[in-house]
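One structure is given here, and the rest of the page talks about it.
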Number of protein chains: 2
Amino acid sequence: MSRWLSTGNNVRVVPAIPRYYQAKARLLDLLGELPGNTPFPPERELSDVFGMSRTTIRKAMNELVLEGRLIRGTGRQGTTVAPPQHVHRLSLDAVVQDLATREQVAVRITGDVLGVESVLVRGDEPIGVRSTYLRASRFPGFAARYDRTTPLRKFLSDAYEIRFGELHPWCTTALATPRVAGLLDVRPATPVLSIAWLGHDFRGVPVERSWVVLRGDRAHLTMHLPRADHAGRFEGSAQFHAS
Amino acid sequence: MSRWLSTGNNVRVVPAIPRYYQAKARLLDLLGELPGNTPFPPERELSDVFGMSRTTIRKAMNELVLEGRLIRGTGRQGTTVAPPQHVHRLSLDAVVQDLATREQVAVRITGDVLGVESVLVRGDEPIGVRSTYLRASRFPGFAARYDRTTPLRKFLSDAYEIRFGELHPWCTTALATPRVAGLLDVRPATPVLSIAWLGHDFRGVPVERSWVVLRGDRAHLTMHLPRADHAGRFEGSAQFHAS
């Protein structure tokens, strides 16, 4: 038994479940029965079996591809069932401090802008791209000095005596650009998690602008909020951070 | 002048820019010149002008619709230019503490599960949906007692003397389900930001499971990290939280 007890007189009307979503639910049931890497029935066959148009089936399949449940082959290759997903949890601290395993760290210099780009890897998979921009004139000799293995903010602290202040990162969704999609080995327009921040030193002078893109189907960003006090606000006391 | 200085021998190959993305760049230029709410040229016309296939143009336009730059009309209505976007910044604290403006707070009881659903509103727009699940037997009389205006965690603290412990929310992307899409007034499968947590009391007993979905094109989640110490780790000292 279930009932909704609503209040307010500006209740939004929720439309009926679209047909493609009904198809998706049925495809998800089917997916649940098939082991990873097996071929998925073609659109035409599903359309016949479910008595739904190919357009409807295609729309449902497209969503399952975007969600990483189906893998679409190229050319003549059909669609296959994605193997069980490993979702990697990355903490906001690790993302900001550049503590994730990385590969292909590249340094680019354009005028006075130093760009540092790295691909974040977990297991054998690329799961994110990190881009940091610095003022080249503030970090003389950076390209030659940076060893590409030290976490970037630690290197800036050690080599250039930067003392970082507090950070206010923000997070949103984006569609993978072709470049990011290529680095992450996903199709362009795959939804990604986008985390950005402007890092200041402790005097409030901007030092670095960073942008991390994580595969939405492979990575979760984990955060930490200390214990709330009785009034419902969060305390900032050290003992809850120290754990 | 720009150059890439790469390291590592497992450099990922980034494929050429796909044609639809070139189309998108041109459509974005065009968008920049058109005021909000004006009609956008139809697919057929853009295909002729740019000398690109309708499929290519359609794919580019679909992405712009998902990103909230174009608004697709229903039936015979064409596509229009979205008015300049207001992006609302919601802090993780406010999201967790349920401090956002809400409307249509509904309480649902299914067996021993109490569901509280609310639509988060900023300006005149719905920008998120919050769902919280509680054990009904732990909160007797909840549906009658909850006034639907007090922030939920504050109400649980005040009315049931719950003392909440620290939280570890996680964040990822998702495609809006038809129900969420209906509440948020977006098309199903629009990318959304999904933030979830399991709230424990200070003894570690689970109290509430919550899930907040935010429109990716209208809301940014803002977070806070205290000042980093010299070693590149974050300090938890109270003075940086107190600000």
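Convention: sequence-line order gives letters A, B, ...; per-chain numbering from 1.
With a threshold of 4.5 angstrom between heavy atoms, A:A219 approaches chain B through N, CA, C or O but not through any side-chain atom. Only the side chain of A:L66 comes within contact range of chain B, with heavy atoms under 4.5 Å apart. Using a 4.5 Å cut-off between heavy atoms, B:S194 makes no contact with chain A at all. Looking at B:L156, neither its backbone nor its side chain comes within 4.5 Å of chain A, counting heavy atoms on both sides. Of the two parts of B:R89, only the side chain, counted from C-beta on, holds a non-hydrogen atom closer than 4.5 Å to a non-hydrogen atom of chain A. Neither the backbone nor the side chain of B:V87 comes within less than 4.5 Å of any heavy atom in chain A.
Annotation: A:F155 is in aromatic contact with A:Y146 [ring centroid separation under 6.0 Å].
Heavy-atom pairs under 4.5 Å with chain B were tallied for A:T177, A:D98, A:L193; the largest tally goes to A:L193. In terms of heavy-atom pairs under 4.5 angstrom with chain B, the leader among A:G216, A:P191, A:P169 is A:P169. With respect to chain A, the highest number of heavy-atom pairs below 4.5 Å among B:K24, B:K59, B:E67 belongs to B:E67.
The pair B:R153-B:E208 meets the salt-bridge criterion, with a side-chain N (NZ, NE, NH1 or NH2) lying under 4.0 Å from an Asp/Glu carboxylate O. Using a 4.0 Å cut-off between charged side-chain N and carboxylate O, A:E103 and A:R148 make no salt bridge.
Using a 4.5 Å heavy-atom cutoff, the side chains of A:V95 and A:L221 are in contact. B:V107 has its side chain within reach of B:L114: a pair of non-hydrogen atoms, C-beta onward, lies under 4.5 Å apart.
Formation of a donor-acceptor pair under 3.5 Å by the B:T110 side chain with backbone atoms of B:V113 is not found in this model.
Residues passing the ring-ring contact (aromatic ring centres under 6.0 Å, His included) test with B:Y20: none are found, sequence neighbours excluded.
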